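Each chain gets a letter, A, B and so on, in the order its sequence line appears, and its residues count up from 1. Excluded from the calculations below are hydrogen atoms, water molecules and symmetry mates; all remaining heavy atoms, backbone and side chain alike, are included. Please read these numbers as outputs of a predicted model, since none were measured by experiment.
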There are 2 protein chains.
Amino acid sequence: MQALTIGKVAERVGVGVETVRFYERKGLIKPPRRGESGYRQYSEDLVARLRFIQRAKTLGFSLKEIGELLDIRHDPTTTCRDIQRRAEVKLSDVEEKIKGLRRMSKVLTKLIAECAGDGPTSACPILEALDVEGEKG
Amino acid sequence: MQALTIGKVAERVGVGVETVRFYERKGLIKPPRRGESGYRQYSEDLVARLRFIQRAKTLGFSLKEIGELLDIRHDPTTTCRDIQRRAEVKLSDVEEKIKGLRRMSKVLTKLIAECAGDGPTSACPILEALDVEGEKG
DNA sequence: CTTGACCCTGTACCTTGGTACAGGGTCTAT
DNA sequence: ATAGACCCTGTACCAAGGTACAGGGTCAAG
C-alpha cells in the first residue's frame with residue numbers, strides 16, 4: 001500500500017492540510033513516520049480516524065471528547081460500557097437541548113399569533129420562554 | 001426597591017461581574033444608571049434578563065442570537081409586524097436547531113442500543129459505526 | 001480613620017477549532 | 001533544469017465568549 005501525503009489524506013477526508021496538522025498537534029492523531037524529505041507518510045487507517053473525528057463532531061462531541069473516545073478505544077482495560085456511557089451522557093445533553101428549544105418554539109409561535117391578533121404583549125415576552133426550570137412545560 | 005450592585009446581580013445569576021460588564025459591552029444588556037460614585041445600579045429585571053441569557057446559551061444560541069431574541073418585543077420604535085417578522089425568523093432558526101439535534105439523538109440512541117456494553121472496546125459497535133462514513137443513513 | 005471588600009476603566013490573556021501566512025525545501029512533469 | 005504544485009516549521013491571526021490583571025476610586029465595619 002502506497003503511503004499517502006498529507007494533501008491526499010486531507011482531500012480524501014474533505015478537510016484542509018492545516019486541519020490534519022492541527023489534529024496532530026492536539027494529539028488526536030499520532031505523528032506519522034516521515035520520508036527522506038521529511039514529508040508525513042500516512043496509511044489508510046488515518047483516513048478512517050479522521051472520518052471518525054468528523055463524524056463524532058457532527059454528533060456534538062468536542063475535540064477533547066473525541067480524543068478521549070479514541071484513547072479509550074486503544075486502552076485494553078476499558079470496555080464497551082465506557083463508550084456507551086459517554087454516548088448516553090451526550091444523548092441526555094441533546095435531549096435537554098431539544099426540550100428547551102421546544103419551549104422557545106412555543107413562545108415564539110405564541111408571540112407571532114398574539115401579534116397578529118393585536119393581543120396584549122408584556123414588556124419582554126420572550127423572557128418567559130426560558131423561565132425557571134420546571135415552572136411550566 | 002433597592003438598586004443592586006453589579007456584584008449582587010452577578011452572584012444571583014451565578015456569573016462573574018466581568019461577565020455582566022462583558023454583556024453590557026456586547027449590547028445584550030443596556031448600560032444601567034450610575035450612582036454618585038459611578039457604580040452601576042441594577043433592578044431585578046436585569047437578573048431575569050441575565051438568567052434568560054444563561055439558559056439560551058445552554059440551548060446553543062450565540063450571544064448575537066440571544067440579543068436578537070431579546071429584541072423581539074414592543075417598544076416605541078417597533079411595530080407589530082416587525083416583531084412578527086423577527087419572531088418568524090427566529091422560529092425557523094429554532095426549528096432548524098431542533099432538527100439537527102433530533103438527528104444526533106437518533107444516531108446516538110441507535111448506537112447505544114446496539115452496544116451491549118459488555119464487549120471490549122475493540123469490538124464496540126459505537127466506535128465501529130463512527131468509523132464508517134454515513135453507513136447509508 | 002483605617003482596612004478590606006467592593007467598584008471603576010482599560011487592556012491583556014485564555015480556550016476552541018481552526019485558517020493564513022512567511023520563508024523555506026521537495027517533487028514532478030515538461 | 002526549471003516552473004508549479006506540493007510539503008515543512010513556525011508564528012500570527014480569526015471569532016466567540018469570556019477571565020484576569022493593573023491601577024485606580026468607594027463604601028461600610030470596627
Side-chain angles (χ1 to χ4, degrees), chain A residues 2-43 46-47 49-71 90 93 97, chain B residues 2-43 46-47 49-70 93 97 100 104:
Chain A
Q2 275 282 90
L4 298 165
T5 62
I6 194 169
K8 294 285 177 199
V9 163
E11 192 194 339
R12 243 175 246 211
V13 179
V15 300
V17 296
E18 311 287 357
T19 300
V20 179
R21 289 197 280 248
F22 173 73
Y23 289 165
E24 186 181 316
R25 279 204 302 286
K26 289 286 155 179
L28 285 169
I29 59 185
K30 61 176 197 299
R33 83 198 125 77
R34 304 294 185 106
E36 297 273 289
S37 60
Y39 284 22
R40 288 171 179 80
Q41 296 180 334
Y42 295 110
S43 66
L46 200 266
V47 174
R49 197 172 170 105
L50 284 173
R51 287 215 246 257
F52 178 102
I53 294 168
Q54 296 306 299
R55 207 165 142 68
K57 272 200 319 153
T58 72
L59 292 179
F61 290 95
S62 68
L63 294 189
K64 186 163 169 283
E65 290 170 324
I66 294 168
E68 286 163 10
L69 287 174
L70 289 164
D71 285 347
K90 194 52 67 180
D93 284 0
K97 280 187 186 156
Chain B
Q2 274 285 87
L4 298 165
T5 63
I6 194 169
K8 294 285 178 199
V9 163
E11 193 194 338
R12 242 174 246 213
V13 179
V15 302
V17 296
E18 311 286 356
T19 301
V20 179
R21 289 196 280 249
F22 173 73
Y23 289 165
E24 186 181 315
R25 281 204 300 285
K26 290 286 158 179
L28 284 170
I29 58 185
K30 61 177 196 300
R33 84 197 124 76
R34 302 294 184 108
E36 296 274 288
S37 60
Y39 284 21
R40 288 171 178 80
Q41 297 180 333
Y42 294 110
S43 68
L46 201 264
V47 175
R49 196 172 170 103
L50 284 173
R51 285 213 246 260
F52 175 92
I53 294 169
Q54 295 309 296
R55 297 214 178 84
K57 268 195 328 148
T58 71
L59 296 183
F61 290 98
S62 67
L63 295 188
K64 184 162 170 285
E65 288 174 315
I66 293 169
E68 287 160 7
L69 284 168
L70 287 167
D93 285 357
K97 279 201 215 297
M104 289 185 208

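- Residues B:Leu46 and B:Ile29 come closest through the heavy atom pair CD2-CG2, 3.6 Å.
- When DNA chain C is scanned in the 5' to 3' direction for atoms under 4.0 Å from non-hydrogen atoms of chain B, the outermost contacting nucleotides are C:dC6 to C:dT9.
- The stretch residues 58-65 of chain A comes close to DNA chain C through A:Ser62, A:Leu63, each having a heavy atom under 4.0 Å from the strand.
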Distance-only donor-acceptor pairs under 3.5 Å for side chains of residues 12-25 of chain B, two or more places apart:
{"from": "B:Arg12", "atom 1": "NH1", "to": "B:Glu44", "atom 2": "OE1", "distance (Å)": "3.3"}
{"from": "B:Arg12", "atom 1": "NH1", "to": "B:Glu44", "atom 2": "OE2", "distance (Å)": "2.5"}
{"from": "B:Tyr23", "atom 1": "OH", "to": "B:Gln54", "atom 2": "NE2", "distance (Å)": "3.1"}
{"from": "B:Glu24", "atom 1": "OE1", "to": "B:Arg40", "atom 2": "NE", "distance (Å)": "2.8"}

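- Here the shortest heavy-atom pairing between A:Gln41 and A:Ala3 reads CB-CB, 3.8 Å.
- In this model, the phosphate group of D:dA16 is not approached by any side-chain N or O of B:Lys57 to a distance below 4.0 Å at OP1 or OP2.
- For the contact set between residues 17-27 of chain B and DNA chain D, defined by any heavy atom under 4.0 Å, the members are B:Glu18, B:Thr19, B:Phe22, B:Tyr23.
- Relative to the six-membered ring of A:Phe61, A:Lys90 meets both conditions, a distance below 6.0 Å and an angle of at most 45° to the axis.
- The list of salt bridge (charged side-chain N to carboxylate O under 4.0 Å, His left out) pairs with a residue in residues 29-38 of chain B, not counting sequence neighbours, is empty.
- To the nearest 0.5 Å, the span separating CD on B:Glu68 from OG on B:Ser62 amounts to 7.0 Å.
- In this structure, CD1 on B:Ile53 lies 12.5 Å from OG1 on B:Thr58, to the nearest 0.5 angstrom.
- A heavy-atom distance below 4.5 Å is not found between the side chains of A:Val47 and A:Tyr42.
- Proximity of A:Lys57 to A:Leu63: side-chain heavy atoms (C-beta onward) are separated by under 4.5 Å at one or more points.
- B:Met104 is not listed as a side-chain neighbour of A:Lys97, based on a closest heavy-atom distance of 4.5 Å or more.
- Side-chain contact check for A:Leu50 versus A:Val9: some heavy-atom pair is nearer than 4.5 Å.
- Nearest-nucleotide assignment on DNA chain C puts the 5′-proximal partner with B:Gly7, out of A:Ile53 and B:Gly7.
- The stretch residues 31-40 of chain B comes close to DNA chain C through B:Arg34, B:Gly38, B:Tyr39, B:Arg40, each having a heavy atom under 4.0 Å from the strand.
- One distance of note links CD of A:Glu11 with CG of A:Leu4; it measures 10.5 Å at 0.5 Å rounding.
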